[in-house]
Amino acid sequence: MGHRLEDMSASARLADPDEGISVQELALAARNHGLPLEAMRYEVTPPGLHYVLTHYDIPYADEASWRLVLDGRVRRRLSLGVDELKAYPAVRQRVTMECAGNGRALLTPRPVSQPWLVEAVGTAEWTGVPLRVLLAEAGVEEDAVDVVFTGADHGVERGVEQDYRRALPLDVARGEEPEVLVAYAMNGAPLPPQHGHPLRLVVPGWYGMAHVKWLHDITVSGTPFNGFQQAVAYRLRQDADDEGEPVTRIAPRALLIPPGFPDFMSRTRAVRPGAVTLEGRAWSGRAPVTGVEVSTDDGRSWSPAELDGADGHRWAWRGWRCSWTATPGHHVLSARATDAEGRSQPLDQPWNRGGFENNLVQRVPVVCLDPEDHG
Ligand SMILES: Nc1nc2c(c(=O)[nH]1)N[C@H]1C(S)=C(S)[C@@H](COP(=O)(O)O)O[C@H]1N2
Ligand SMILES: [Mo]
């Protein structure tokens, strides 16, 4: 395929397969963390178990003095404290968030960045003010195209110091479905530091990079935003010089709650023979999940699982389950989701240089113990 090691920015470098994980990746993996997959049993992820991803340092934030400024191509500049935001009618939504790099560590060749397996996901209840309410109050000018969000954290990208900054197209920022929020609470409590205290953007259905944390500035722009995190990172490229398509909404994915119990030596799951309930979660940010299929023979045959209703939570994952009769020996379990627009999950890796949107079907090796064996 001609992929090779290149001395470029972290977002575009590919790992040498003989080298293993780099110190840079270990540093990323040590500060960020995933969802322990057994916590998918909870509809709303318990405190501390939601995945965390920060590109730079977690900024120190004082809620009492924090200001959110909304300016740019608007008739009236707004500057709001957190208490003033809390005085607007509040909206609470349950949202499943997933990092665009989820699944990256399973790719070959592997892009050098946060080495997620499949655990960069979580579901929270976010409370905040609809962004469209603030934009309407400021009065967006006719020539506006993008809305740019700036966080208080920053770092150096390709030799230039920059803030974490991402944009949404105006129609998405002003949309009602999904309703974009300027959120100040997570699961009914103030945002924890690592999740954006005191304010963050929540963009239901979009990959994590859009949900700007430590939000302090919203600028309505008359020109398309082309900052680093928009135009350089988070694009689906096959080659370094490929302009690529932007990463936007979450592709469908189903995951299994790890069945049975861990077998540390073989790094598989272990189950006892007999009836085993297979269960998990499925989500899609593009169109609602309409079905989940399960395979217990490494993808050779598939049968439908029972899928829970959305229960009014369009932007949250849905539970699914099915029954399996385990027989002694080795098995590979998988699940795959399909959405209302017919999208599903590939059996071959959807490779790109950044390792984004990898919704390759999960494979869970399981050993079913033989009760006759006493090794
Ligand atoms: N300001 C700021 N916002 C950010 C980030 C960041 O590094 N800085 N990371 C983004 C990415 S890539 C993801 S996946 C989500 C993770 O949100 P969480 O840590 O609350 O799960 O935050 C997004 N918002
Ligand atoms: Mo991310």
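Start at 1 and go down the list; that is how both ligands and their atoms are numbered.
Of all atoms in ligand 1, numbered sequentially from 1 with element shown, those under 4.0 Å from a heavy atom of His211 are 22 (O), 23 (C), 24 (N). Close approach to Thr54 involves these atoms of ligand 1, each under 4.0 Å from a residue heavy atom: 7 (O). With ligand atoms numbered from 1 in the order given, ligand 1 contributes 14 (S) to contacts under 4.0 Å with heavy atoms of Cys99. Atoms of ligand 1 found under 4.0 Å from any heavy atom of Met209, numbered from 1 in the order shown, are 10 (C), 11 (C), 12 (S), 13 (C). For ligand 1 and Tyr234, the ligand atoms under 4.0 Å from any heavy atom of the residue are 12 (S). The ligand atoms of ligand 1 that sit less than 4.0 angstrom from a heavy atom of Met97 are 17 (O). Distances below 4.0 Å separate heavy atoms of Val212 from the following atoms of ligand 1: 3 (N), 24 (N).
Ion pairing of Arg94 with Glu43 is present here, as a side-chain N (NZ or NE/NH1/NH2) and a carboxylate O approach within less than 4.0 Å. For Arg353 and Asp239, the salt-bridge test fails: no basic side-chain N is under 4.0 Å from an acidic carboxylate O.
When the heavy atoms of Lys213, Gln114, His50 are ranked by distance to atom 19 (O) of ligand 1, first place goes to Lys213. In this structure, of Val52, Val121, Asp153, the residue bringing a heavy atom nearest to atom 1 (N) of ligand 1 is Asp153.
Looking at His195 next to ligand 1, an N or O pair under 3.5 Å apart turns up. Between Trp214 and ligand 1, no N or O atom pair is found at a separation short of 3.5 Å. Ligand 1 has no nitrogen or oxygen under 3.5 angstrom from a nitrogen or oxygen of Trp126.
Atom CZ of Arg363 sits about 10.0 Å away from atom OG of Ser295, to the nearest 0.5 Å.
The six-membered or imidazole ring of Tyr51 lies away from that of His33, with a centre-to-centre distance of 6.0 Å or more. Centroid-to-centroid, the aromatic rings of His331 and Trp324 come within less than 6.0 Å.
The heavy-atom pair separating Val292 from Ala282 by the smallest distance is CG2-CB, 3.6 Å.
Of all the heavy atoms of Arg200, the ones lying under 4.0 Å from any atom of ligand 1 belong exclusively to the side chain. Using a 4.0 Å cut-off between heavy atoms, Tyr51 contacts ligand 1 through both its backbone and its side chain.
Of all protein heavy atoms, the one closest to atom 10 (C) of ligand 1 is Tyr164 OH, 3.7 Å. Nearest protein heavy-atom contact of atom 23 (C) of ligand 1 is Gly208 O, 3.2 Å.
For the side-chain contact (heavy atoms from CB on, under 4.5 Å) with Leu131, the qualifying choice from Val203, Val172, Val182, Leu181 is Val182, the only one to do so. Of the candidates Thr150, Asp217, Val212, Thr150 is the only one forming a side-chain contact (heavy atoms from CB on, under 4.5 Å) with Asp163.
For the 3.5 Å distance criterion, the side chains of Asp146 and Ser221 fail to qualify, holding no donor opposite an acceptor. For the residue pair Tyr88 / Glu137, a side-chain donor-acceptor distance below 3.5 Å is found, with atom types taken as modelled.
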